[in-house]
Amino acid sequence: METTMTFEYAPAPESRAIVTIKPKYGHFVGGKFVAGGKHFPTINPATEEVLSQIALAGKADVDAAVKAARKAYISTWSKMSGKERGKYLYRIARIMQERAREFAVLETLDNGKPIRESRDTDIPLAAAHFFYHAGWADKLEYAGLGTSPKPLGVAGQIIPWNFPLLMLAWKVAPALAAGNTVVLKPAESTPLTALLFAEVCQQAELPAGVVNIVTGDGSTGALIVNHPGIDKIAFTGSTEVGKIIARAVAPTNKSVTLELGGKAANIVFDDAPIDETVEGIVNGIFFNQGHVCCAGSRLLLQENVAEEVLHKLKNRMQKIRVGDPMDKNTDVGAINSKEQLAKIIELAAVGDSEGAERWSPECKLPSKGFWFAPTIFTGVTQAHRIAREEIFGPVLSVLTFRTPAEAIEKANNTPFGLSAGIWSEKGSRTLWASQQLRAGVIWANTFNKFDPTSPFGGYKESGWGREGGRHGLAAYLKGVSHE
Ligand code: ADP
C-alpha cells in the first residue's frame, strides 16, 4: 500500500503595501490621465473586494485616443529613428523590472492568479518582450521583411483578462518597435496593471500619444474595432468575439491579427517518462487556473499507460494548493470572475450529464470569492462537449488512444489549432507527431513555455497571424505577409 506524506505549509503572504490603488481611474490619452464619464468597479476575485472604479470609454473617449495616437504617429514616432525608438523600449523594460513587485502584486489582486505566477512568469516575460523588441527597433531592415519596412500607423489593441500585463506587452512592444502608435483597451475585469503601465510610459518620458489606454467593456472594444482612424486591429480573446471582429474589418483596409481560443491535445505516448509527464500535465492545465488559451485541456493517453498516469496524476493533484493568491505557496488561485465561474460550472455539469466521470482532490475552498477545484474527467469521448469546447478553467478531459496514428487523428479532430504537447522519449516519434499536428505551437516534453523570440498563434479557429519573434513584427509592418 502506498502511503502519502503530507506537509503543512505555514502561510507566506505577500504584502500588498507596495501598491497604491486609486479609488477611481480615468483614461490615458495623449500622455495624460483624463477623467472618464461613467464608471464600473473592478474587484479582487479572491475576496470580492472592490479595488477601484474604472472608466467606461464611449465614442468621444475613443475618438480622443485615436486622434492623440494619429498625432503622435505623424509628428514624432514615425519620424524618429529606430535607434531612438529602441531607447524608449529599453527604458520601459527596465522600469518594468524595477517595479516588478508592484506589478506582480497588482496583477494578483486584480486577476486572482497566484503571486508566484505573476512574480515569476507574467511580469518577467512582459519585461522580456520589451527588451526583445527594443533590440529590433533599429534592425528592422535586417529582419528579412523587406529592405525598407514601414509601420502601419495607428494600432487598436484589445486584450483579455488571463495575462493582463503580458498580453499588453505582446501587443504594445512589437507595435512600438515597428514605429506604430497604439490605442489599447485592457479587459474590463483586469485594467489595473495597464493603468500602472500608463504611469511607466510617463516615467519613461515616452512622447505623448504614442501609447493611449482606454478602459471599458466590449462596447468600447467595438468602438475601437470600427473606428475609421485605425489602421490595424490586434485582438486576443474568445473565438466568438474574434469572429465578430473578422466580420467588422472584412470590408475595410484594416490589417488584423486574432489570437483566439484553443483545445490543445497533450499526447502521452507509452515511452514517456511518467513522473516528468505528470508534472507537465499539471502545468499544462492548472497553470493560471486553466485560464490559458493554449492550455493542455485534452489529455490523450496511450491505453497501456493510462492507468499508471491517471493514478500518479491523481496523487499529484492531491498536493496542489488552492487558495489565497497572495500566499507564495499557492498553486491555483481564484477564477477571474463570477461569469467565468458560471461558464466552468455549466460545462462541467455537461460533462457529468454526458456520462464522463468527474474527479477532484479534496480541497477546502475559501468561502468568499470565485473558486473551482482542479478537476479531471475520465471516460471522455470525442463527441463530448468537454472534449470539443474550450472550458477556460482548471478542468482536464482525458481520452485514450491505442496507436500513434489514432492519437494524431484525435488530436486534430477539433475546430481549434493553437497548441499541442507531445510526451515521448523517442526523438523520431516526437518529430513525426509534431509534423502531423495542426497546431501553431507544439511543445515536446514540456508545456506552457513562452519566449518573446518564438512566434505564437493558431491554425483554424484559433486565429490569424503570429505574435512574437520575427513573424510577430511582420504583423505591424506594411505589405509583409503574416505567416
Ligand atoms: P474572454 O472570453 O477572454 O472574456 P472576450 O473575447 O469576451 O474574451 O474578451 C476579450 C476582450 O475583448 C475584452 O477586452 C473585451 O472587453 C473585448 N470585447 C468583448 N466584446 C467585444 C466586441 N464585440 N468587440 C470588440 N471587443 C470586444
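Just so it is clear, the values below take in all heavy atoms, side chains as well, and ignore hydrogens, waters and symmetry mates. Whatever order the structure lists them in is the order used to number ligands and atoms, beginning at 1.
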(request) Run the numbers for me: atoms of ligand 1, each under 4.0 Å from some heavy atom of Gly221, listed by number. (result) 24 (N), 25 (C), 26 (N)
(request) Taking only heavy atoms of Lys185 into account, list the atoms of ligand 1 that are under 4.0 Å away from them. (result) 13 (C), 14 (O), 15 (C), 16 (O)
(request) Can you pull out the closest protein heavy atom to atom 24 (N) of ligand 1? Residue, atom name and distance to 0.1 Å, please. (result) Ala222 N, 3.5 Å
Show me the donor-acceptor pairs within less than 3.5 Å that the side chains of residues 368-375 make with the rest of the protein, sequence neighbours left out.
from: Trp371; atom 1: NE1; to: Lys368; atom 2: O; distance (Å): 2.7
from: Thr375; atom 1: OG1; to: Ser360; atom 2: OG; distance (Å): 2.9
from: Thr375; atom 1: OG1; to: Ala373; atom 2: O; distance (Å): 2.7

(request) Assess Lys460 against Phe416: is NZ or CZ under 6.0 Å from the centre of the six-membered ring, and within 45 degrees of the ring's axis? (result) no
(request) Would you check if Ile344 and Gln289 make a side-chain contact, meaning some heavy-atom pair closer than 4.5 Å? (result) no
(request) Run the ring-centre check on Trp77 versus Tyr73 and record whether the distance is less than 6.0 Å. (result) no
(request) Kindly indicate whether atom 1 (P) of ligand 1 is approached by any protein heavy atom to under 4.0 angstrom. (result) yes
(request) Report yes or no: does Phe235 have a heavy atom closer than 4.0 Å to ligand 1? (result) yes
(message) Can you confirm if the aromatic rings of Phe456 and Trp170 lie within a centre distance of less than 6.0 Å?
(response) yes
(request) Distance to 0.1 Å, residue and atom name: give those for the protein heavy atom nearest to atom 4 (O) of ligand 1. (result) Trp161 NE1, 2.9 Å
(request) Select one of side chain, backbone, both or neither to describe which atoms of Thr220 lie under 4.0 Å from any atom of ligand 1, heavy atoms only. (result) neither
(message) Is there a polar contact, in the sense of an N or O pair closer than 3.5 Å, between Lys343 and ligand 1?
(response) no
(message) Once you restrict to heavy atoms under 4.0 Å, what part of Glu188 touches ligand 1? Side chain, backbone, both or neither.
(response) side chain
(request) Please answer whether the main-chain N or O of Tyr459 pairs with a side-chain N or O of Arg438 as donor and acceptor at a distance below 3.5 Å. (result) no
(message) Could you identify the single nearest non-hydrogen protein atom to atom 5 (P) of ligand 1 and state the distance to 0.1 Å?
(response) Ser238 OG, 3.6 Å
(message) I'd like to check His129 versus Pro174 (side-chain heavy atoms, cut-off strictly below 4.5 Å). Are they in contact?
(response) no
(message) Going by salt bridge (charged side-chain N to carboxylate O under 4.0 Å, His left out), name the pairs with one or both residues in residues 234-247, residues two or more places apart or in two chains.
(response) Lys243-Glu461
(request) For this output row, return yes or no: ring centroids of Phe130 and Phe197 closer than 6.0 angstrom. (result) yes
(message) I need the nearest protein heavy-atom contact for atom 20 (N) of ligand 1: residue, atom name and distance, please.
(response) Gly218 CA, 3.5 Å
(request) Starting from atom 21 (C) of ligand 1, locate the nearest protein heavy atom and write down its residue, its atom name and how far away it is, to 0.1 Å. (result) Val241 CG1, 3.4 Å
(message) Please list the nearest protein heavy atom to atom 17 (C) of ligand 1 with its residue and the distance rounded to 0.1 Å.
(response) Ile158 CG2, 3.6 Å
(request) Kindly say whether Ile442 contributes a backbone atom to a donor-acceptor pair with the side chain of Ser419 at under 3.5 angstrom? (result) no
(request) Number the atoms of ligand 1 from 1 as they appear, then name those within less than 4.0 Å of a heavy atom of Ile159, with their elements. (result) 11 (C), 13 (C), 14 (O)
(request) Specify side chain, backbone, both or neither for Asp217, according to which of its non-hydrogen atoms lie closer than 4.0 Å to ligand 1. (result) backbone
